[in-house]
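Written out below as structure tokens is the structure these notes cover.
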Amino acid sequence: MNGVTYERVTMRCERSTRLPRRPEIDTRAGEPSNLRGDGFTGGCISLIVLLIEIPVALLLGLTSVIRGRGRTDEQTVAPPMDWVPILWFGGFTLGVLVIAVIFLCSAHPYAGAVQLVLAALALLFTIAAWHDQHERAHPPPLPTKAGMPHAPSDHMADR
């Protein structure tokens, strides 16, 4: 062991927690903000994602409205349900939820919370699109002579 020196290495032991935590993320104030996951970085990322999501949502709404025009006069029978707007809005909702989970897992809780609120709004629009298509495909029955819908016609009484 001539000429070989060993340095003493000490390892810092921390008390174990139930939730796993990546070692490079620390909440100490001396760390840079990209490692802390503070509100400023999350807000900036959330703003950038919002600026991307808003035009996509407007485009989805516009194409959904344009798709629905011009169909009311050309059909006398109730049309089948059009699933395209429902699937478009559902896919958008799923995309926003995936972005929210990514933000929440990457120590940006504020950006994740904003995305969860947007996902809830997108889910409301998805449900509204489904309800609109369902009402269009299943109109209420027309009243008959007796004033009751689907009243059985009595051929003997008409004579």
Enter the distance from [X]:[atom1] to [Y]:[atom2] here, rounded to the nearest 0.5 Å.
X: Glu135; Y: Trp130; atom1: CD; atom2: CH2; result: 8.5 Å
X: Leu123; Y: Leu94; atom1: CG; atom2: CG; result: 11.0 Å
X: Ile86; Y: Ile127; atom1: CD1; atom2: CD1; result: 11.0 Å
X: Leu58; Y: Thr63; atom1: CG; atom2: OG1; result: 10.5 Å

Report yes if some heavy atom in the side chain of [X] is under 4.5 Å from a heavy atom in the side chain of [Y]; otherwise report no.
X: Ile99; Y: Leu118; result: no
X: Leu97; Y: Leu116; result: yes
X: His134; Y: His131; result: no
X: Glu53; Y: Val56; result: no
X: Val49; Y: Phe103; result: yes

Taking [Y] as the starting point, is it possible to reach [X] by hopping between hydrophobic residues whose side chains are less than 4.5 Å apart?
X: Ile102; Y: Tyr110; result: no
X: Val114; Y: Ile45; result: no
X: Val96; Y: Leu50; result: yes

Exercise for the section: Mind checking side-chain contact (heavy atoms from CB on, under 4.5 Å) for Val117 and listing every partner two or more places apart, or none if nothing turns up? Expected result: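 So Val117 forms no side-chain contact (heavy atoms from CB on, under 4.5 Å) with any residue.
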